[in-house]
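These numbers come from the heavy atoms of this one structure, side chains and all, not from hydrogens, waters or symmetry mates.
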Amino acid sequence: MLNTPYPKISIRSVRRLPVVAACSLLLLGGVSVLSAKAENTPQAAGLSDVASQTVASEQQTRTLQRQWSDEERALLAKIDQLTRQEAMLGQQVERLDHRLQQKQEQIDAQTRRAEKTEKLRQGLQNWFQISAQELEQNLAASQPFLADERRKRLDDLHSVLLDGDIAVHEQFRRLMEVFQVEAEYGYTCEVYRDKITIDQQQREVDMLRLGRLSLFFTTPDGEQGGVFDPLEKRFVYLPDSMVADLNQARQQINGQTSEALTLLPVGRIQP
């Protein structure tokens, strides 16, 4: 008869369960032998229950070990996946930082170019205004030919230069256009009909412009002629002896006669 107390199995003693299981099998063997000798006794029934509980605990422990092992492998796989994702995200962050730095450098370069462009624009507009003022002074000091036409051209130019909605290159083009027209007056001749004030009377005459040098006139009937006096800033009549030359010059400019040497009182250039 076996009188030892029943063994106790717990989760903490899992590592020792194989030994316990072996002991349990020996115990079962012993129980079987004893059961043959002491069948149907209370002690034999108790030993059988202990052995059954031990086997059940071992099976439960092995099941838990398999579950823990599966969870461990799953967690390790998840950690490996997260590690790779972290590395990829780190590379993406590095690339984005590099692109951000490039964009910032581009923005800085564009800002510097914009500042230089603004300074250049302001410098050009100041030069436009100075040039327009010089054209005004030139208009006031020159012969009064085509006064209304030239006055209107300069007024239009001032409007263009003061209009902030017009691009700088267009303002420059309009300014150069006025300069070109004024320059062409210096090497061209023309005859045109206009009204002038002479001897406090307004008369319609044929104006004869010789470049920017002299401005003559003849009456439509060709009986009288005169010139603009730049010193007195007024038109004066010329002697009748010069009227024929004026008429001849007017006809040559209009292509009515062939070119010939014509003497006109163009004055002299003061040193």
Side-chain angles (χ1 to χ4, degrees), residues 125-162 170-271:
Q125 289 185 330
N126 291 336
W127 180 76
F128 293 165
Q129 295 296 333
I130 294 174
S131 298
Q133 293 175 2
E134 291 178 350
L135 286 171
E136 285 283 356
Q137 296 171 358
N138 179 270
L139 178 62
S142 69
Q143 307 281 345
F145 56 88
L146 302 173
D148 295 339
E149 177 183 322
R150 297 168 69 195
R151 178 72 267 164
K152 184 178 183 306
R153 188 179 298 112
L154 274 180
D155 290 342
D156 292 343
L157 177 62
H158 284 301
S159 298
V160 170
L161 296 182
L162 294 176
E170 177 62 17
Q171 294 177 340
F172 179 77
R173 189 190 67 81
R174 297 289 296 272
L175 178 63
M176 291 298 101
E177 185 179 70
V178 176
F179 268 116
Q180 183 177 2
V181 172
E182 290 291 325
E184 288 177 353
Y185 289 141
Y187 55 86
T188 58
C189 299
E190 66 178 334
V191 175
Y192 61 94
R193 184 63 58 89
D194 201 355
K195 291 181 179 180
I196 62 173
T197 299
I198 183 170
D199 292 341
Q200 299 181 349
Q201 293 182 353
Q202 192 175 50
R203 299 195 61 176
E204 187 176 68
V205 296
D206 290 329
M207 303 298 295
L208 173 59
R209 180 179 63 83
L210 299 180
R212 302 177 70 92
L213 184 60
S214 294
L215 184 62
F216 300 97
F217 71 89
T218 60
T219 55
D221 57 8
E223 296 295 330
Q224 292 179 302
V227 66
F228 179 78
D229 188 341
L231 295 178
E232 297 185 3
K233 301 292 183 184
R234 66 185 182 91
F235 287 97
V236 296
Y237 286 108
L238 289 174
D240 293 340
S241 59
M242 296 182 181
V243 174
D245 291 332
L246 290 177
N247 288 327
Q248 184 179 3
R250 175 172 52 83
Q251 292 172 357
Q252 291 181 28
I253 293 174
N254 287 334
Q256 297 172 340
T257 60
S258 59
E259 295 182 357
L261 180 61
T262 304
L263 298 178
L264 295 175
V266 296
R268 61 186 178 88
I269 300 175
Q270 294 182 343

Does some side-chain heavy atom of [Y] sit less than 4.5 Å from a side-chain heavy atom of [X]?
| X | Y | result |
| --- | --- | --- |
| D229 | F235 | no |
| Q129 | L162 | yes |
| W127 | F172 | yes |
| L246 | F217 | no |
| N138 | R150 | yes |

So which atom in [X] and which in [Y] form the shortest heavy-atom distance, rounded to 0.1 Å?
| X | Y | value |
| --- | --- | --- |
| S142 | R212 | CB-NH2, 3.7 Å |
| A140 | K233 | O-NZ, 4.3 Å |
| V243 | G225 | CG2-N, 3.7 Å |
| C189 | G211 | SG-N, 4.0 Å |

Residue pair S214 / R209, side-chain donor-acceptor N/O under 3.5 Å =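 Their side chains do not contain a donor-acceptor pair, so the 3.5 Å distance test is not met.
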
Count the heavy atoms of every other residue, nucleotide or ligand shown that sit under 6.0 Å from [atom1] of [X], and state whether that count exceeds 12.
| X | atom1 | result |
| --- | --- | --- |
| N126 | CG | yes |
| Q202 | CD | yes |
| D155 | CG | yes |

Could you state the interatomic distance from [atom1] ([X]) to [atom2] ([Y]), rounded to the nearest 0.5 Å?
| X | Y | atom1 | atom2 | result |
| --- | --- | --- | --- | --- |
| D206 | F216 | CG | CZ | 14.5 Å |
| F128 | L157 | CZ | CG | 9.5 Å |
| Q251 | T218 | CD | OG1 | 9.5 Å |
| S131 | F179 | OG | CZ | 4.5 Å |
| E223 | N247 | CD | CG | 8.5 Å |
| E182 | L154 | CD | CG | 6.5 Å |

[X]/[Y] ion pair, N-O < 4.0 Å:
| X | Y | value |
| --- | --- | --- |
| E136 | R151 | yes |
| D156 | K152 | yes |
| R153 | E177 | no |

task = Given side chain to side chain donor-acceptor pair (under 3.5 Å), test Q252 with T262 step by step and report yes or no.
result = CA-CA 10 Å; Q252 291 181 28; T262 304; 3.0 Å; yes

Without swapping roles, check the side chain of [X] against the backbone of [Y] for a donor-acceptor pair under 3.5 Å.
| X | Y | answer |
| --- | --- | --- |
| N254 | Q256 | no |
| T219 | Q224 | yes |
| D199 | Q201 | no |
| R250 | E190 | no |
| Y192 | L146 | yes |

task = Start with the C-alpha gap between V191 and M207, add the side-chain angles, then the distance that decides, and say whether side chain to side chain contact (heavy atoms under 4.5 Å, CB included) holds.
result = CA-CA 5 Å; V191 175; M207 303 298 295; over 6 Å; no

ask   = So R234 and T197, side chain to side chain donor-acceptor pair (under 3.5 Å) or not? Walk me through it.
value = CA-CA 8 Å; R234 66 185 182 91; T197 299; over 6 Å; no

key: salt bridge (charged side-chain N to carboxylate O under 4.0 Å, His left out) involving R203 - partner list, sequence neighbours excluded   =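 None.
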
ask   = Can you name the residues that form a side chain to side chain donor-acceptor pair (under 3.5 Å) with D245, not counting sequence neighbours?
value =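 In terms of side chain to side chain donor-acceptor pair (under 3.5 Å), with neighbours along the sequence ignored, D245 is linked to no residue.
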
query = Between L213, L215, V227, which is the residue that forms a side chain to side chain contact (heavy atoms under 4.5 Å, CB included) with Q143?
reply =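 In the set L213, L215, V227, the residue that makes a side chain to side chain contact (heavy atoms under 4.5 Å, CB included) with Q143 is L215.
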
request  = Carefully, step by step, assess M242 and L263 under the rule side chain to side chain contact (heavy atoms under 4.5 Å, CB included).
outcome  = CA-CA 9 Å; M242 296 182 181; L263 298 178; over 6 Å; no

